[in-house]
Amino acid sequence: SEEYSIGAIAHIRTDFPTKFGIPRQSGIVDGLRARIVFEPGFANPDAVRGIEQFSHLWLIWRISAVPDGKHSLTVRPPRLGGNKKLGVFATRSPFRPNSLGLSSVKLERVEYSDTLGPVLTVSGADLMDMTPIIDIKPYLPYTDSHPEALCGFADEVRSYSLEVDFPESLLERLPEDKRGGALGMLAHDPRPQYHDDPDRLYGVLFAGYDIQFTVKDGVLAVRDVVPEGTGIVAVKLHLGRGACPTDAGENNLCRELSPASVGRAEKSVSVSEREIFMKTDNKRYIRLSGIQGGYLLILLWNEWYFCIVVH
């Protein structure tokens with residue numbers, strides 16, 4: 001087959017450092033704001049001359065969170081519970097042959113910087129922070145909008161949402177301009193579709209904060225909001241294999257590591273079982289269990305143990 005080389009013209013800055021929590025479609029959470037910053041070769045006012053005449057834009061972007069080459073001809077849409085297979089071209093699955101995404105966003109404003117050139121502020125984006133933008137085109141309602149269009153299986157789930165219980169004292173911990181986006185993001189249920197454990201405490205990283213919540217009977221209840229990364233005070237590596245150590249105290253098998261060595265984690269907590277599952281940047285899953293001596297013991301699937309000191 002023919003091969004083509006394409007590069008990024010820009011990158012988008014959003015409030016989502018990981019995939020977890022990103023709206024499943026563009027435009028459904030209009031309270032989310034993002035900034036499009038052009039690459040040096042395109043950071044020229046001439047490249048966006050006239051763009052302020054349009055209210056909405058199409059973004060063509062690279063699905064950078066999916067490993068290259070990881071795709072299948074059939075996928076299991078999460079909104080169908082992961083139990084039904086459909087053709088990849090009949091879905092918006094990110095596991096696509098060419099890893100390209102398409103989003104419709106609202107253009108809020110155009111600013112010009114001496115160092116960055118033109119910067120586009122948009123709303124309604126469904127992209128992870130630093131996603132490469134391949135192209136930008138104006139949205140034309142007379143040809144791009146089809147109100148009579150059929151939505152297939154998506155019609156069955158498009159009205160799904162949760163009631164959000166976000167105590168005012170916790171909501172005020174977020175910057176004022178981030179609160180609307182956070183409420184909208186949570187209402188659209190950031191959990192994987194197959195998760196339905198009312199005792200599990202979830203955490204979503206958003207705008208530099210870790211928003212922790214539970215979901216029960218259609219109500220998402222926010223339990224805590226803390227600055228990102230403050231839940232881990234120190235990390236120690238226990239250089240051993242085999243059975244779970246009974247004492248994770250100070251010994252010469254442990255060495256200090258920074259919290260960053262664990263990487264940003266997509267984590268969920270089962271309150272009843274005191275377990276946390278984390279997915280690290282290197283794609284390995286970690287299981288945390290058993291609080292002993294102030295440490296949480298972490299068991300990797302390759303049988304290496306970590307110890308995390310927590311607040």
Side-chain angles (χ1 to χ4, degrees), residues 1-4 6 8 12 14 16-29 32 34 58-105 124-135 137 144 146 149-162 184-197 200 202-206 215 220 263-268 277-286 301:
S1 62
E2 294 182 83
E3 293 187 1
Y4 301 90
I6 56 176
I12 192 166
T14 77
F16 296 99
T18 71
K19 293 184 295 181
F20 188 60
I22 296 176
R24 290 173 174 83
Q25 304 293 342
S26 60
I28 62 175
V29 183
L32 295 173
W58 287 112
L59 305 182
I60 302 172
W61 46 279
R62 184 175 181 275
I63 306 174
S64 55
V66 175
D68 288 334
K70 187 175 182 179
H71 70 272
S72 172
L73 295 182
T74 59
V75 296
R76 300 177 185 269
R79 280 302 183 191
L80 294 181
N83 298 317
K84 184 177 180 180
K85 280 189 176 182
L86 293 176
V88 64
F89 301 128
T91 75
R92 295 193 174 190
S93 167
F95 298 95
R96 317 190 68 80
N98 288 313
S99 296
L100 292 178
L102 179 67
S103 296
S104 172
V105 298
D126 57 340
L127 284 74
M128 191 168 70
D129 188 39
M130 290 304 293
T131 292
I133 305 298
I134 304 301
D135 202 0
K137 295 184 178 183
D144 294 343
H146 303 280
L150 301 178
C151 297
F153 72 89
D155 258 341
E156 304 172 19
V157 296
R158 65 176 178 177
S159 61
Y160 172 80
S161 64
L162 296 172
M185 174 267 295
L186 294 171
H188 283 85
D189 196 355
R191 301 174 302 163
Q193 186 63 23
Y194 52 84
H195 279 203
D196 191 22
D197 182 354
R200 175 167 287 184
Y202 297 88
V204 58
L205 300 181
F206 176 78
V215 180
L220 184 150
R264 286 174 173 156
E266 298 170 359
K267 65 182 181 179
S268 59
F277 292 86
M278 302 173 68
K279 187 177 181 182
T280 63
D281 288 345
N282 61 6
K283 310 303 180 185
R284 289 186 296 180
Y285 285 90
I286 297 176
W301 281 0

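All of these numbers come straight from a predicted model, not from anything done at the bench.
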Indicate yes or no: at least one non-hydrogen side-chain atom of [X] is less than 4.5 angstrom from one of [Y].
| X | Y | value |
| --- | --- | --- |
| F95 | S72 | no |
| V204 | M185 | yes |
| I60 | I133 | no |
| I12 | M130 | no |
| D126 | F16 | no |
| F153 | K84 | no |
| T131 | L59 | no |
| R191 | V215 | yes |

Between [X] and [Y], what is the shortest heavy-atom contact and its length?
| X | Y | value |
| --- | --- | --- |
| T74 | K85 | OG1-CD, 3.9 Å |
| L220 | P190 | CD1-CD, 4.2 Å |
| V29 | P23 | CG2-CG, 3.9 Å |
| S103 | L127 | OG-CD1, 3.5 Å |
| A125 | L32 | O-CD1, 3.9 Å |
| I63 | G101 | CG1-N, 3.8 Å |

Main-chain N/O of [Y] paired to [X] side chain as donor or acceptor, under 3.5 Å:
| X | Y | result |
| --- | --- | --- |
| D129 | T14 | yes |
| S26 | S104 | yes |
| R24 | D189 | yes |

(message) So, using side-chain hydrogen bond (donor to acceptor under 3.5 Å, both in side chains) as the criterion, who are the partners of D144 when residues are at least two apart?
(response) W58

Distance (rounded to the nearest 0.5 Å) between [X] [atom1] and [Y] [atom2]:
| X | Y | atom1 | atom2 | value |
| --- | --- | --- | --- | --- |
| S64 | M128 | OG | CE | 4.5 Å |
| L186 | L162 | CG | CG | 9.0 Å |
| I6 | I134 | CD1 | CD1 | 4.5 Å |

